[in-house]
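Okay, structure first, notes after.
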Amino acid sequence: MLKQIDIPENDPVAVADRRALIDEILAANKDRPGGLMVILNEVQSKIGFISEPMQLYIANRLHVPVSTVHGVVSFYSFFTTTPRGRHTIKFCMGTACYVGGAPQLIEKAKQVLGIEPGQTTKDGAITLEICRCVGACSQAPVVVVDEDSHGRVRPNKFPQLVRGLTEPGGN
Amino acid sequence: MAFFRSHVLVSVDPECLKRGALEVVDALHDELVAQGLNDEIQVLETSRIGDPVLFGPDLMVYPEGVHYACISADDVPYIVTEHFLKGRPVEKFRAQERVVVDEELGAPKPKEVRVVLRNIGKIDPNNIEDYIAEDGYAALAKVLSEYTPEQVIDVILASGLRGRGGAGFPTGKKWQFARQNPGDIKYVICNADEGDPGAFMNRRVLEGDPHAVIEGMTIAAYAIGSRQGYIYCRAEYPLAVKTISIAIEQARDLGLLGENILGTDFSFDLEVRIGAGAFVCGEETALMASIEGRRGEPRPRPPFPAVAGLWMKPSNINNVETYANVPQIILRGAEWFASMGTEKSKGTKTFALAGDLKNTGLIEVPLGITLREIIYDIGGGIKDGKGFRAIQTGGPAGGCLSEEHLDLPIDYEGLASAGSMMGSGGLVVMDTGNCMVDIARYFMDFIQEESCGKCTPCRIGTRRLLEILTNICEGKGQDGDIERLEELSGWIKATSLCGLGQGAPNPVMSTLKLFRAEYEAHIYEKRCPAKVCKALITYNIIKETCTGCTVCARNCPANAISGERRQPHRIDPDICIRCGICMQVCNFNAIEIN
Ligand SMILES: Cc1cc2nc3c(=O)[nH]c(=O)nc-3n(C[C@H](O)[C@H](O)[C@H](O)COP(=O)(O)O)c2cc1C
Ligand code: FES
């Protein structure tokens with residue numbers, strides 16, 4: 001069952017404190033019924049992605065085939081296998097936002113940042129994403145910057161939204 | 001010394017600087033010189049006007065004392081023309097008084113009746129005592145001390161409560177099946193996946209009155225004989241997850257969850273499980289697969305969850321709103337609940353109003369109310385003086401309804417007979433600026449993206465539908481496309497495994513039925529009557545109206561707009577990608593679509 005794969009030296013599995021974090025999450029949840037989803041959700045939110053070596057590591061620790069873990073990771077859109085930027089900007093493409101001008105806003109974002117949805121800027125600052133309805137429909141169109149949602153964003157206000165994120169030292 | 005008739009103060013606090021205050025200052029100087037007003041109006045920088053986080057960059061104009069908020073350089077030409085040249089303060093840029101308004105849930109409108117939403121915004125959701133003060137957990141106490149499980153089920157049956165998650169199955173019957181199926185271990189599950197775009201009722205209930213859901217689930221557990229429950233909440237709702245988790249802790253601390261609840265021999269506990277962004281997980285069998293830690297793929301029913309549900313044990317699954325109704329029914333009686341609504345659909349229903357309406361947000365109304373009452377009496381009608389085109393109900397598996405359905409009383413049967421469905425309660429209202437073929441294409445895009453891929457009709461059929469719809473929108477529609485859409489829709493509906501595929505053709509079928517002429521205009525005349533479909537329209541600048549303020553040119557992502565400053569601009573149709581940004585940013589309404 002052990003598949004040979006190359007583990008990059010900066011993979012969380014190879015970095016001591018990251019690995020300790022994964023171990024901690026595993027220990028807390030591995031005996032829980034249906035714990036795999038809980039573990040993957042925790043790993044995704046605390047580490048930010050679930051790489052192939054991480055999937056293999058989790059599979060081994062849970063004594064399940066890696067295909068099971070990979071099957072779950074690839075099924076759900078929240079799980080990603082590569083790191084994202086320091087900030088994530090998500091555009092809601094739910095019905096209300098679609099009719100409320102989200103497509104235009106995305107065009108603007110592509111122009112301002114020079115990347116397509118799903119990509120990360122070269123400096124690793126921002127990842128653009130398109131997401132499902134975030135449930136703030138009465139304020140369409142909605143843009144979620146990290147944890148904060150911004151409603152009624154007009155295309156020409158978009159640059160203001162990202163300005164703080166791209167500057168050095170911008171958090 | 002120069003005498004200035006007005007002074008403009010620009011806030012240059014660090015937050016405002018970050019957001020481009022200096023560009024605003026430059027733009028002001030520029031524009032004032034250009035309009036010959038630089039001897040009359042003075043621009044000053046000041047440290048701070050309003051709260052920069054809320055308003056920055058902001059401007060204050062004296063002597064009028066007009067406060068403009070969230071201004072960018074693009075807004076400056078319009079302010080200078082309107083305010084300084086013509087003397088008309090620009091209302092749309094003015095800072096609103098900082099009153100805390102709840103944009104989602106206002107005061108109840110005359111036709112509303114609040115049962116599920118009654119506590120929201122009134123009680124502190126993080127404090128169980130607030131809930132208890134509003135008769136919270138009194139229903140649970142009454143049930144545990146006075147009712148047998150069978151009697152609880154009888155009350156719910158008599159109330160006529162039906163599932164609020166979409167299909168409208170009688171809740172009492174569901175509980176009865178789960179009770180009758182033998183087994184030591186049974187589960188109670190709350191469906192808080194709320195995946196329909198345009199719906200956010202369940203989120204507000206979880207965030208605003210979490211204990212009502214916990215109490216409802218506990219009563220259900222007593223009725224069917226369960227000791228363990230799960231709340232499956234979508235990951236897009238972090239605040240709801242947090243609030244309900246705190247509420248569970250607090251209920252446990254007071255002995256309202258856990259072993260020997262209220263000193264009886266009834267025990268029940270709850271756990272929250274979080275989704276990971278898959279629409280199909282709202283379907284009950286897929287949801288249970290996800291709780292089990294697997295891929296959220298649905299399976300054929302029967303066996304129904306009441307027979308073999310979570311981990312193959314008898315399980316009862318209901319929607320958030322279904323459970324939230326339960327304590328009120330126990331306390332106020334089945335007759336009270338059944339006195340509201342229509343013959344077959346009792347009680348109230350929450351709806352999320354979104355789209356081109358004056359008042360959007362959450363409402364709760366007795367079933368049987370008409371769409372007209374919702375749109376015009378509660379929603380305030382269509383905004384910006386446009387006309388009503390369609391209302392989309394029931395999410396991606398629902399359908400669009402038009403003018404002719406406005407007087408239809410809303411209940412489960414009524415909506416279904418009109419070709420739509422109740423769904424979870426998202427209502428998206430569309431004005432005449434929406435192309436119904438494009439809307440059908442949008443939903444098909446959503447569905448084929450979210451199809452889990454397990455069954456062929458849904459996986460491949462929806463993709464084919466999308467291809468045909470995309471072609472029609474791109475002006476490549478052919479004779480016979482409408483018939484192909486109809487035939488394919490029929491097959492997908494008849495042969496898909498779960499409700500996702502079975503409902504997938506609904507938006508296409510309902511728009512075809514009501515707006516066939518629009519499809520025909522796209523296919524045979526290569527024309528989009530609503531002026532939406534990009535391949536069939538061109539943008540144009542009205543020479544007479546354009547002031548040459550350059551906002552459109554600077555915002556155009558394709559650099560398709562050219563022109564001298566202060567001269568009318570023009571759009572090069574060969575470069576234009578028809579994104580419509582110019583139209584949104586133009587303050588002078590100088591852009592038209594042909
Ligand atoms: C594709 C699909 C998505 C669904 N999404 C939801 C949902 O987000 N929330 C929900 O309560 N029910 C949803 N349902 C309905 C559930 O399968 C189920 O009928 C419901 O949870 C039962 O609860 P109720 O009887 O209280 O309505 C969905 C069904 C399908 C087929
Ligand atoms: S559609 Fe965007 S928040 Fe609901």
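In what follows, chains carry the letters A, B, and so on, assigned in the order in which the sequence lines appear, proteins first and then strands, with residues in each chain numbered from 1.
Sorted by first and then second residue, the ring pair (Phe, Tyr, Trp, His ring centres under 6.0 Å) pairs involving residues 116-159 of chain A (not counting sequence neighbours) are A:F91-A:F158.
There is no side-chain donor-acceptor pair under 3.5 Å between B:D445 and A:Y98.
Heavy-atom distances place the side chain of B:I439, and not its backbone, under 4.5 Å from chain A. For B:R294, the part sitting under 4.5 Å from any heavy atom of chain A is the backbone (N, CA, C, O) and nothing else. Residue contact with chain A, scored on non-hydrogen atoms closer than 4.5 Å, involves the side chain of B:N434 exclusively. Heavy-atom distances place both the backbone and the side chain of A:V72 under 4.5 Å from chain B. Heavy-atom distances place both the backbone and the side chain of B:F279 under 4.5 Å from chain A. Proximity to chain A is absent for every atom of B:A352, based on heavy atoms less than 4.5 angstrom apart. When heavy atoms are compared at a cutoff of 4.5 Å, B:L427 does not approach chain A at all. Contact annotation for B:C281: only side-chain heavy atoms (C-beta onward) come within less than 4.5 Å of a heavy atom of chain A. Within the 4.5 angstrom heavy-atom criterion, only side-chain atoms of B:V280, from C-beta onward, approach chain A. Heavy atoms closer than 4.5 Å to chain B are found nowhere in A:P103, neither backbone nor side chain. Contacts of B:E15 with chain A are absent, with no heavy-atom separation under 4.5 Å from either backbone or side chain. Only the backbone of B:R554 has a heavy atom closer than 4.5 Å to any heavy atom of chain A. For chain A, no part of B:P396 is nearby; none of its heavy atoms comes within less than 4.5 Å. Only the side chain of B:E23 comes within contact range of chain A, with at least one heavy atom under 4.5 Å from a heavy atom of that chain. In this structure, the portion of B:D75 lying under 4.5 Å from any heavy atom of chain A is its side chain and not its backbone. When heavy atoms are compared at a cutoff of 4.5 Å, A:Q44 does not approach chain B at all. For chain A, the nearby parts of B:I581 are the backbone and the side chain; heavy atoms of each come within less than 4.5 Å.
In this structure, the separation between OG1 on A:T68 and CZ on B:R295 is 10.5 Å, given to the nearest 0.5 Å. Atom-to-atom distance recorded for B:F200:CZ and A:Q139:CD is 8.5 Å, nearest 0.5 angstrom. A:T95 contributes atom OG1, which lies 3.5 Å from atom CZ of B:F443 (distance to the nearest 0.5 angstrom).
Nearest heavy atoms, B:A235 versus A:F78: CB-CE2, 3.5 Å. B:L353 and A:S138 make their closest contact through O-CB, 4.5 Å (heavy atoms, listed as atom of the first residue, atom of the second, distance). Between A:Y76 and B:G296, the closest heavy-atom pair is OH-N, 3.1 Å. Scanning both residues, B:P197 and A:G94, for their nearest heavy atoms gives CB-CA, 3.7 Å. When every heavy atom of A:A96 is checked against every heavy atom of B:A354, the shortest pair comes out as CB-CB, 3.8 Å. The two atoms that bring A:E107 and B:I577 nearest to each other are OE1-CD1, 3.3 Å, heavy atoms only.
Contact of the B:E450 side chain with the A:R132 side chain is registered, since non-hydrogen atoms from C-beta on lie closer than 4.5 Å. At least one side-chain heavy atom of B:E297 sits less than 4.5 Å from a side-chain heavy atom of A:F75. A:P159 has its side chain out of reach of B:R19: every pair of non-hydrogen atoms, C-beta onward, lies at least 4.5 Å apart. Annotation: side chain of A:K110 is not in contact with side chain of B:P557 (no heavy-atom distance under 4.5 Å).
Interface check for chain A: of the options B:G20, B:G426, B:G580, the most heavy-atom pairs under 4.5 Å are formed by B:G20. Taking chain A as the reference chain and counting heavy-atom pairs below 4.5 Å, the highest number among B:E292, B:M201, B:E194, B:Q584 is found for B:Q584. Your options are A:G35, A:G100, A:G71, A:G151, and the one with the most heavy-atom pairs under 4.5 Å with chain B is A:G71. For the options B:Q392, B:R273, B:E449, B:M583, heavy-atom pairs under 4.5 Å to chain A are most numerous at B:R273. Each of B:G275, B:P238, B:G453, B:G361 has some count of heavy-atom pairs under 4.5 Å with chain A, and the biggest count is that of B:G275. By number of non-hydrogen pairs under 4.5 angstrom with chain A, the leading residue of B:A276, B:A73, B:G293 is B:A276. Ranked by heavy-atom pairs under 4.5 Å with chain A, the list B:G433, B:C556, B:G355 is led by B:C556.
Interface residues of residues 17-34 of chain A toward chain B, defined by a heavy-atom distance below 4.5 Å and sorted by number: A:R32, A:P33, A:G34.
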Legend entry - Intermediate values then yes/no, side chain to side chain contact (heavy atoms under 4.5 Å, CB included), B:E236 and A:C131: CA-CA 9 Å; B:E236 286 89 341; A:C131 70; 6.0 Å; no
Inset, instruction - Would you please test A:V99 and B:Y442 for side chain to side chain contact (heavy atoms under 4.5 Å, CB included) and show each step? - result: CA-CA 10 Å; A:V99 302; B:Y442 164 80; over 6 Å; no
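For the pair A:N41 (side chain) and B:I274 (backbone), a donor-acceptor distance under 3.5 Å is present. A donor-acceptor pair under 3.5 Å is formed between the side chain of A:K157 and the backbone N or O of B:C70.
Of the candidates A:Q104, A:R154, A:Q111, A:K108, B:N555 forms a side-chain hydrogen bond (donor to acceptor under 3.5 Å, both in side chains) with just one, namely A:K108.
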